[in-house]
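To keep things clear, I will list the structure first and then write my remarks on it.
Side chains included, hydrogens not; waters and symmetry mates left out as well; all remaining heavy atoms used. All of these numbers come straight from a predicted model, not from anything done at the bench.
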Amino acid sequence: MDRSNETSPVFCFILLGLSTHPKLEKIFFVLVLSMYLVILLGNGVLILVTILDSHLHTPMYFFLGNLSFLDICYTTSSVPLILDSFLTPRKTISFSGCTVQMFLSFAMGATECVLLGMMAFDRYVAICNPLRYPVVMSKAAYVPMAASSWASGSITATIQISLAIRLPFCGDNVINHFICEILAVLKLACADISINVISMGVANVIFLGVPVLFIFVSYIFILSTILRIPSAEGRKKAFSTCSAHLTVVIIFYGTILFMYGKPKSKDPLGADKQDLTDKLMTLFYGVVTPMLNPIIYSLRNKDVRGAVRDLVHLKHFKW
């Protein structure tokens, strides 16, 4: 029996990363490490101030604390692997390690989509129904809302990853990416992945399409309400309460749409450049966006700025 054409099962994957651009690896190692430290510091400070400052014990800042914690978890699930890929000549990851990394990144991404929708609803109630805000957004409401965001992200990640790891992987084990991105991994399966593609499509509609539509409709009502406020000062004050969230939403979803909505190149040379662009855009989505979130909320919100100043001056601590 001729066994020359048989393939063995895959027990680990090789991550290409930027191995074809070695000069860029050193530059991006410094950049990514610096941004990761900013992410940990900025989001860590936001979590602290939302816990320690009693003035920030409101639904909006509760969601903001969750968003900051989520950004830390999301980047920690991928950035150490990316940094290691910049330094290690042979960039390998075990099958189980790849599975865990895929689960964490998928779960955190789906959770953030839902959480941003919850934050849009909070701003809608605060501006469009301010008298009912304490009742509608009570602690009995906003805590389960946040918990459901985390639960839904974990459930969909469990489904997608369970479907992925049941596939046979044999022969090619080279992932043309920094991390175990689920679409890049599925391409290596030596079996029909149509069920995975359909499942991913349904998940994208639920966790990308529905929140985007919900946020869009919410802001239509918000802007309509703001425009009916008679004074310019009142309109400015009302808009300032949701401008930070709107900015974060635009950056988050704008990056996703740019990543997956641009046309694919058919030219081989253009395809190589496109692969590099896709990787760098993924890096932007996974590192730059979480770094900008605390900066945006700090710059656009005087309550957060005041709480951060108090924290810096150690007013919350007793020596």
Side-chain angles (χ1 to χ4, degrees), residues 42-74 107-158 206-207 210-222 225-226 234 237-249 252 290 293-294 296-311 315-318:
N43 287 288
V45 168
L46 269 181
I47 293 172
L48 278 179
V49 297
T50 55
I51 293 174
L52 298 175
D53 195 316
S54 59
H55 297 96
L56 302 184
H57 291 175
T58 63
M60 180 175 72
Y61 296 111
F62 177 77
F63 287 129
L64 178 57
N66 273 263
L67 181 64
S68 294
F69 180 67
L70 188 148
D71 283 339
I72 290 176
C73 293
Y74 180 77
M108 296 302 106
T111 300
E112 183 158 359
C113 291
V114 179
L115 191 60
L116 289 174
M118 299 291 187
M119 295 174 75
F121 178 75
D122 173 74
R123 292 299 83 207
Y124 161 76
V125 178
I127 294 175
C128 299
N129 296 282
L131 297 179
R132 297 189 59 201
Y133 184 77
V135 177
V136 176
M137 295 302 298
S138 63
K139 189 173 183 179
Y142 67 76
V143 172
M145 287 170 65
S148 66
S149 300
W150 288 91
S152 60
S154 299
I155 290 171
T156 189
T158 301
I206 295 173
F207 288 91
V210 173
V212 166
L213 180 62
F214 186 81
I215 293 169
F216 179 74
V217 172
S218 297
Y219 272 99
I220 288 178
F221 285 107
I222 289 171
T225 301
I226 290 175
K237 183 178 179 180
F239 184 74
S240 67
T241 65
C242 59
S243 59
H245 173 260
L246 184 59
T247 304
V248 169
V249 166
F252 180 78
N293 287 351
I296 292 169
Y297 275 100
S298 298
L299 292 178
R300 306 287 297 182
N301 193 298
K302 64 179 181 180
D303 293 331
V304 174
R305 291 199 304 269
V308 171
R309 282 196 298 268
D310 288 345
L311 183 64
K315 291 183 179 180
H316 290 295
F317 299 94
K318 295 181 180 179

Report the distance from atom [atom1] of [X] to atom [atom2] of [Y], rounding to the nearest 0.5 Å.
X: Thr111; Y: Met108; atom1: OG1; atom2: CE; answer: 5.0 Å
X: Phe63; Y: Met118; atom1: CZ; atom2: CE; answer: 7.0 Å
X: Met60; Y: Thr50; atom1: CE; atom2: OG1; answer: 11.0 Å
X: Thr225; Y: Phe239; atom1: OG1; atom2: CZ; answer: 13.5 Å
X: Thr247; Y: Ile296; atom1: OG1; atom2: CD1; answer: 5.5 Å
X: Ile127; Y: Thr241; atom1: CD1; atom2: OG1; answer: 3.5 Å

Practice problem: Just grab all the side chain to side chain donor-acceptor pair (under 3.5 Å) pairs involving residues 117-135, residues at least two apart or on different chains. | Solution: Asp122-Tyr133
Are the side chains of [X] and [Y] in touch, meaning some heavy atoms are under 4.5 Å apart?
X: Met119; Y: Ile215; answer: no
X: Val49; Y: Tyr61; answer: no
X: Ile47; Y: Ile72; answer: yes

Self-check item: Residues that Ser68 engages under side chain to side chain donor-acceptor pair (under 3.5 Å), provided they are two or more places apart
Solution: Asn43
Quiz item: Considering residues at least two apart in sequence or located in another chain, which fulfil the side chain to side chain donor-acceptor pair (under 3.5 Å) criterion with His57?
Solution: none
Quiz item: For Tyr219, what residues pass the ring pair (Phe, Tyr, Trp, His ring centres under 6.0 Å) criterion, not counting sequence neighbours?
Solution: His245
Self-check item: ring pair (Phe, Tyr, Trp, His ring centres under 6.0 Å) against Phe252, all qualifying residues, sequence neighbours excluded
Solution: Tyr285
Practice problem: Return the minimal non-hydrogen interatomic distance between Ser243 and Ser240, and the atom names on each side. | Solution: OG-O, 3.3 Å
For residues 139-157, please give each side-chain donor-acceptor pair under 3.5 Å, one per line with the distance, not counting sequence neighbours.
| from | atom 1 | to | atom 2 | distance (Å) |
| --- | --- | --- | --- | --- |
| Ser148 | OG | Pro144 | O | 3.2 |
| Ser148 | OG | Met145 | O | 2.7 |
| Ser149 | OG | Met145 | O | 3.1 |
| Trp150 | NE1 | Asn66 | OD1 | 2.9 |
| Ser152 | OG | Ser148 | O | 2.9 |
| Ser152 | OG | Ser149 | O | 3.0 |
| Ser154 | OG | Trp150 | O | 3.0 |

